[in-house]
S.K.: 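This is the structure I have questions about; it appears just below.
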Amino acid sequence: MPSNEAFPHLPDDWEPTRATLHAYAHGVSAIPRAHAPAHPKWWHVSLKVADDGLVTDPVQLPNGDSLRLRMDLERHVTVIETSNGPVDEFDMAAGDTGTAFADRLIAAVTGLGLKGEYAREKFENEEVREYDSEAAETFWEALTKAHEVFDAHRTAIDGEVGTLQLWPHGFDLSFEWFGTKIETHEEDGETREYPSQLNLGFYPAGDAYFYSNPWPFDESLTATELPHGAEWHTEGWQGTMLRYADLA
């Protein structure tokens, strides 16, 4: 069960650091996107919360070793490591643009024998990046606390649940709770079938919040009164939100 320690207050001026981590997460995830075994729900491109940072899924190297990338939010470096140990690391406080940071990662894994096409549109950005180590450490504390709470909830509910993961495209931590009803959805000109689902997550940008996002969304749900300061959200995405500051 989760500990009784409170969620930390996220610094009011932490947005530049969050944007830097978001930009660098795009570059980190470009490696498994190109080389890891593809998952039908795209879980292979996400980052997982571990004791030692945000880590990618393993990637097989030509020599038989495995490789992973780790964003260490205590030492403020992104580490490239193989099954034999760390081989390189890159300072996230150095001010590199998103493009430059990703290019350094790609050059490093190329030196380990990986060759492929990378989704450059996902990480190319020429803004010089700011990074405050104290803000990053506070975020890491908040993220690991959120992970602890979500994981306890995830393991206690019935039915099929997805992996708890941080998505680089939105920079949010979430997992899916799948229903038994099958829904049809038009995608790339094809009609595909998916189970109904509820996404539960933590979004740390701006006025940070926790959310639940049902799919498909039934408008009649908004007539339901929500507890503990939660509120309905229907602009851009549909579901419920509970502001992080209120919970903290």
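Every value quoted in this text rests on a predicted model; they were computed, and no experiment measured them.
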S.K.: Is the side chain of Thr20 donor-acceptor paired with the backbone N or O of Arg129 at a distance under 3.5 Å, no angle test?
M.R.: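 The answer is no, because no donor-acceptor pair under 3.5 Å joins these two groups.
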
S.K.: When you group the ILVMFWY residues by side-chain heavy-atom contacts below 4.5 Å and let the links chain together, are Ile31 and Val87 in the same group?
M.R.: yes

S.K.: Is there side-chain contact between Leu69 and Val79, with at least one heavy-atom pair below 4.5 Å?
M.R.: no

S.K.: Taking 4.0 angstrom as the limit, do Glu89 and Arg75 come out as a salt bridge?
M.R.: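 Looking at Arg75 together with Glu89, the answer is yes, because their closest N to O distance falls below 4.0 Å.
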
S.K.: Atom CG in Leu67, atom CG in Asn84: separation rounded to 0.5 Å?
M.R.: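 Between atom CG of Leu67 and atom CG of Asn84 there are 11.0 Å.
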
S.K.: Is there side-chain contact between Asp151 and Phe175, with at least one heavy-atom pair below 4.5 Å?
M.R.: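 A side-chain contact under 4.5 Å is absent here.
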
S.K.: Quick check: do Tyr118 and Arg33 have side-chain heavy atoms less than 4.5 Å from each other?
M.R.: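 Tyr118 vs Arg33: side chains apart.
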
S.K.: Measuring from atom CZ of Arg120 to atom OG1 of Thr99, what distance do you get when rounded to the nearest 0.5 angstrom?
M.R.: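 Arg120 CZ to Thr99 OG1: 6.5 Å, rounded to 0.5 Å.
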
S.K.: Can you give each donor-acceptor pair under 3.5 Å made by side-chain atoms of residues 226-234, sequence neighbours left out, with the distance rounded to 0.1 Å?
M.R.:
residue, atom, partner, partner atom, Å
Glu231, OE2, Arg243, NH2, 3.3
Trp232, NE1, Thr224, O, 2.8
His233, ND1, Glu235, O, 3.4
His233, ND1, Trp237, O, 3.0
His233, NE2, Glu235, O, 3.4

S.K.: Answer yes or no: are there more than 12 heavy-atom neighbours, outside Glu134 itself, under 6.0 Å from its atom CD?
M.R.: no

S.K.: If I compare all heavy atoms of Phe210 with all of Ala146, which pair ends up nearest, and what's the gap?
M.R.: CE2-CB, 4.0 Å

S.K.: Who else is in the cluster with Val128 when I, L, V, M, F, W and Y are joined by side-chain contacts under 4.5 Å?
M.R.: none

S.K.: Backbone N or O of Gln238 within a donor-acceptor pair of the Asn213 side chain at under 3.5 Å?
M.R.: yes

S.K.: Check Leu10 against Ala208 and note the closest heavy-atom contact, atom names and distance.
M.R.: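 So the minimum-distance heavy-atom pair works out to CD1-CB, 4.0 Å.
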
S.K.: Would a single hydrophobic cluster contain both Leu200 and Leu247, if residues Ile, Leu, Val, Met, Phe, Trp and Tyr are joined by side-chain heavy-atom contacts under 4.5 Å?
M.R.: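 Looking at the clustering, Leu200 is in the same group as Leu247.
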
S.K.: Is there a path from Trp43 to Val55 through hydrophobic residues (I, L, V, M, F, W, Y) whose side chains come within less than 4.5 Å of each other?
M.R.: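 No, Trp43 does not connect to Val55 through the hydrophobic network.
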
S.K.: How long is the gap from CG on Asp96 to CZ on Arg104, to the nearest 0.5 Å?
M.R.: 5.0 Å

S.K.: Give me the atom names and distance for the closest heavy-atom approach of Asp158 to Trp177.
M.R.: O-NE1, 2.7 Å

S.K.: Let me check something: do Val77 and Val109 share a hydrophobic cluster, defined by ILVMFWY side-chain heavy atoms less than 4.5 Å apart, either directly or through other members?
M.R.: no

S.K.: Looking at Thr97 and Glu127, would you say the former's side chain and the latter's main chain have a donor-acceptor pair under 3.5 Å?
M.R.: no

S.K.: In Å, rounded to the nearest 0.5 Å, how long is the span from OG1 of Thr191 to CD of Glu186?
M.R.: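 Here the interatomic distance stands at 3.5 Å.
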
S.K.: With a 4.5 Å cut-off on side-chain heavy atoms, are Asn63 and Thr82 touching?
M.R.: no

S.K.: Grouping I, L, V, M, F, W and Y whenever their side-chain heavy atoms are under 4.5 Å apart, do Leu173 and Leu198 come out in a common cluster?
M.R.: yes

S.K.: Pairs in or reaching into residues 53-90: which pass ring pair (Phe, Tyr, Trp, His ring centres under 6.0 Å), with residues at least two apart or in two chains?
M.R.: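 For residues 53-90: His76-Tyr131.
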
S.K.: Write down the atom of Tyr211, the atom of Ser174, and the distance for their closest heavy-atom approach.
M.R.: OH-CB, 3.3 Å

S.K.: With side chain to side chain contact (heavy atoms under 4.5 Å, CB included) as the criterion, how do Leu112 and Asp65 come out once you've worked through the C-alpha distance, each side chain's angles and the decisive distance to 0.1 Å?
M.R.: CA-CA 10 Å; Leu112 294 172; Asp65 291 342; over 6 Å; no

S.K.: When you measure from the side chain of His44 to the backbone N and O of His39, does any donor-acceptor pair fall under 3.5 Å?
M.R.: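 Yes: the side chain of His44 pairs with the backbone of His39.
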
S.K.: Would you mind reporting whether Ser29 and Ser46 have side-chain heavy atoms less than 4.5 Å apart?
M.R.: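 Sidechains of Ser29 and Ser46: no contact.
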
S.K.: Measure the acute angle between the ring planes of Phe101 and Tyr24, then classify it against the limits of 30° and 60° as parallel, tilted or perpendicular.
M.R.: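 Judged by the thresholds at 30° and 60°, the geometry between Phe101 and Tyr24 is parallel.
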
S.K.: Identify the heavy atoms of Pro168 and Ala25 that sit nearest to each other, and give their distance.
M.R.: CB-O, 3.9 Å

S.K.: One pair to check against side chain to side chain contact (heavy atoms under 4.5 Å, CB included): His9 and Thr138. What are the steps and the verdict?
M.R.: CA-CA 8 Å; His9 171 70; Thr138 301; over 6 Å; no

S.K.: To the nearest 0.5 Å, how far apart are CD in Glu81 and CG in Asp52?
M.R.: 6.5 Å

S.K.: Which residue, Trp14, Phe202, Tyr209, forms the ring pair (Phe, Tyr, Trp, His ring centres under 6.0 Å) with Tyr244?
M.R.: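 The passing option is Phe202.
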
S.K.: Assess the residue pair Asp172 and Leu166 against the criterion (side chain to side chain contact (heavy atoms under 4.5 Å, CB included)); give the C-alpha distance rounded to whole Å, side-chain angles, the decisive distance to 0.1 Å, and a yes or no.
M.R.: CA-CA 5 Å; Asp172 56 325; Leu166 185 136; over 6 Å; no

S.K.: Can you check whether Trp140 reaches Glu74 side chain to side chain, under 4.5 Å on heavy atoms?
M.R.: yes

S.K.: Answer whether the closest heavy-atom distance between the side chains of Leu114 and Pro62 falls below 4.5 Å.
M.R.: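 The answer is yes, as the side chains (C-beta and beyond) meet within the 4.5 Å cut-off.
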
S.K.: Is the His169 ring parallel, tilted or perpendicular to the Trp167 ring (thresholds 30°, 60°)?
M.R.: tilted

S.K.: How close do Pro195 and Phe178 get, counting heavy atoms only, and between which atoms?
M.R.: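 Scanning both residues completely, I find the closest heavy atoms to be CG-CD2, 3.7 Å.
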
S.K.: Would you say the side chain of Asp132 lies within less than 4.5 Å of the side chain of Phe139, judging by non-hydrogen atoms?
M.R.: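 SC-SC contact between Phe139 and Asp132 ruled out.
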
S.K.: For Val49 and Leu164, what are the C-alpha separation, side-chain angles and deciding distance, and is it a side chain to side chain contact (heavy atoms under 4.5 Å, CB included)?
M.R.: CA-CA 8 Å; Val49 176; Leu164 185 51; over 6 Å; no

S.K.: Any side-chain donor-acceptor pair under 3.5 Å between Gln197 and Glu183?
M.R.: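 No, no side-chain donor-acceptor contact under 3.5 Å.
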
S.K.: Report yes or no: do Glu193 and Thr184 form a side-chain donor-acceptor pair below 3.5 Å?
M.R.: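 No, no side-chain donor-acceptor pair sits under 3.5 Å.
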
S.K.: Taking atom OG1 of Thr56 and atom NZ of Lys48, what is their separation to the nearest 0.5 Å?
M.R.: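 Nearest 0.5 Å value for the OG1-NZ distance: 8.0 Å.
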
